[in-house]
Amino acid sequence: MNKTYDAIVVGGGVIGGAIAFNLSKRGMKVLLLEKDRLAGKASGAAAGMLGAQAELDGESPLFQLARTSRALFGNLADELKMTSGVEIELVEKGMLRLALTERDLQEHQRISKIHKQNGETAELLTGKEARKREPALSNEVIGAMYLEKDGQVSAPQLSLGFLKSASALGCVIKEGLEVYSLHFSNGKITGVTTNKGDFMSSNVVVTGGAWSEKLLTKTGLQLNMYPVKGECFSVRTEAPLLTSTIFTPGCYLVPKKDGRIIVGATVLPNTFNQKVTLEGIFSLMENARKLVPSISQGEWEKAWTGIRPQTADGLPYLDEHPDYKGLFIATGHFRNGILLSPITGEVMADLIEGKSPAVDLSSFRLDRLTRNTNSIAR
Ligand code: FAD
Ligand code: GLY
């Protein structure tokens, strides 16, 4: 078996998939290694919102990256369908960020101003106008901000779409292979050791989500990351209840193309425990019923959890290791990895090819937060 590749991707989530797809598209011979199941962690658990405006502060450097990524989804949906036949279930019907208090209304005024300064639309609605748009909303809703460009996809389908498309373009994908350690020679990466042997490459990219730090600590780099558990559940309703995604910082409802509504999500830092708790589900049910009372008539489908990869300042790492040439890191996408996956795939492929990315990545460098225990300066 040939064990030498142009690039090895560690992790089979949406980020690893997006990078493997972009590298394969550029003609590189790629190996992707996943310790468990493809899209079996955060990427399979996500609600799939593309909430660049609903979820992110327009003043954050992440916002620019997010809206560039959001704009890529239309073409990407066609490209993945053509390459692998996978339908990512893109829905472009906007998001309604709801106000339940006077404070929420003030916050919407502030945010909408910033969005408009950034050249985006953000329409402020009264409660009555919001209910005209979405009749299932409760009278507790006193206002809303309509964000027409924030859409949604199926997160598991997007992840599989990237992975299957990469495979169709020649990428070798292996499940059940855990990367235990990285090999180096003269300050350059040379390959990886797994539970099923060694593989060689002069380019390795770590996309291990919340589990990334474990591998990199051995390289003298501490990422200062922590896991954040999230629980969700889904219901089916007889007739469609909602058109747009309904968003509040504490609870969201995402009407999927297949007729289900995903309700999410809890936020529990510092745990890798993936059990669904009744406490988590009760709190989501209460919040969801407050926003959309008729959700309680929905038929229960299932509940699940995922572990989000978070960094100390909330921004992802998209960079090359300061000490080891050819070792790249793309992780820490926290609550927005689905949204950020198309642009992450492109810019990481640029970095790996030695090209200058079209997007400014200075806010996502490793040296902003990490402690380099080898203390070799750049
Ligand atoms: P993961 O999906 O966790 O993938 C990492 C993979 O690497 C895993 O499969 C793991 O097994 C593998 N791995 C780790 N270490 C190794 C190793 N040593 N060897 C081999 N394999 C390894 N984002 C949005 O944009 N929109 C949303 O609506 C949204 N909703 C969310 C809802 C919930 C409940 C959760 C939990 C997350 C949500 N997110 C959302 C966030 C999004 O899911 C994550 O940011 C994204 O999935 C992270 O992708 P990833 O590939 O980095 O990590
Ligand atoms: N972005 C939604 C979540 O992380 O729950």
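In listed order, ligands and their atoms are each counted from 1. Because only heavy atoms are used, hydrogens play no part in the values below, and waters and symmetry mates are left out as well, while side chains stay in. Start at 1 with the first residue, then count along the sequence.
For atom 19 (N) of ligand 1, the nearest protein heavy atom (residue, atom name, distance) is Val179 N, 3.0 Å. Counting protein heavy atoms only, atom 34 (C) of ligand 1 is closest to Cys232 SG, 3.5 Å. Looking only at protein heavy atoms, the nearest one to atom 51 (O) of ligand 1 is Ile15 N, 3.2 Å. Among all non-hydrogen protein atoms, the one lying nearest atom 15 (N) of ligand 1 is Lys35 CE, 3.6 Å. In this structure, atom 11 (O) of ligand 1 lies nearest to the protein heavy atom Glu34 OE2, 2.7 Å. Atom 2 (C) of ligand 2 has Tyr252 OH, 3.5 Å as its closest protein atom, hydrogens excluded (heavy atom only). Atom 23 (N) of ligand 1 has its closest protein heavy atom at Arg335 O, 2.9 Å. Shortest contact from atom 4 (O) of ligand 1 to any protein heavy atom: Gly13 CA, 3.5 Å.
Ligand 1 has an N or O atom lying under 3.5 Å from an N or O atom of Met49, backbone or side chain. Distances between N or O atoms of Leu339 and those of ligand 1 include at least one value under 3.5 Å. Looking at Ala330 next to ligand 1, no N or O pair under 3.5 Å apart turns up. Taking only nitrogen or oxygen atoms, main chain and side chain alike, Asn336 does not reach within less than 3.5 Å of ligand 2. When only interatomic distances are considered, the shortest N/O to N/O separation between Ala47 and ligand 1 falls below 3.5 Å. Of the polar atoms of Leu215, none of the N or O atoms is found under 3.5 Å from an N or O of ligand 1, judged by distance alone.
With respect to the salt-bridge test (charged N to carboxylate O, under 4.0 angstrom), the residues Asp367 and Arg365 qualify. The pair Glu301-Arg236 meets the salt-bridge criterion, since a charged nitrogen lies less than 4.0 angstrom from a carboxylate oxygen.
When the heavy-atom distances from atom 14 (C) of ligand 1 to Gly208, Gly17, Gly16 are ranked, the shortest goes to Gly208. Looking at Gly209, Gly48, Ala46, Ser69, it is Ala46 that brings a heavy atom closest to atom 33 (C) of ligand 1. When Gly337, Ala18, Ser43 are checked for heavy-atom proximity to atom 49 (O) of ligand 1, Ser43 turns out nearest.
By the 4.0 Å heavy-atom criterion, Phe334 is excluded from the residues contacting ligand 2.
Contacts between Trp304 and ligand 1, counted as non-hydrogen atom pairs separated by less than 4.0 Å, are absent for every part of the residue. Counting heavy atoms closer than 4.0 Å to ligand 1, residue Leu33 contributes backbone atoms (N, CA, C, O) but none from C-beta onward. The proximity of Val254 to ligand 1, defined as any non-hydrogen pair under 4.0 Å, does not occur for either the backbone or the side chain. By the criterion of a heavy-atom distance under 4.0 Å, the backbone of Leu177, and not its side chain, is placed next to ligand 1. Contacts of Phe334 with ligand 1, taken as heavy-atom pairs under 4.0 Å, involve the backbone alone.
In summary, the atoms of ligand 1 found under 4.0 Å from a heavy atom of Gly306, numbered by their order in the structure, are 36 (C).
The backbone N or O of Ala39 sits nowhere less than 3.5 Å from a side-chain atom of Ser43 that would complete a donor-acceptor pair.
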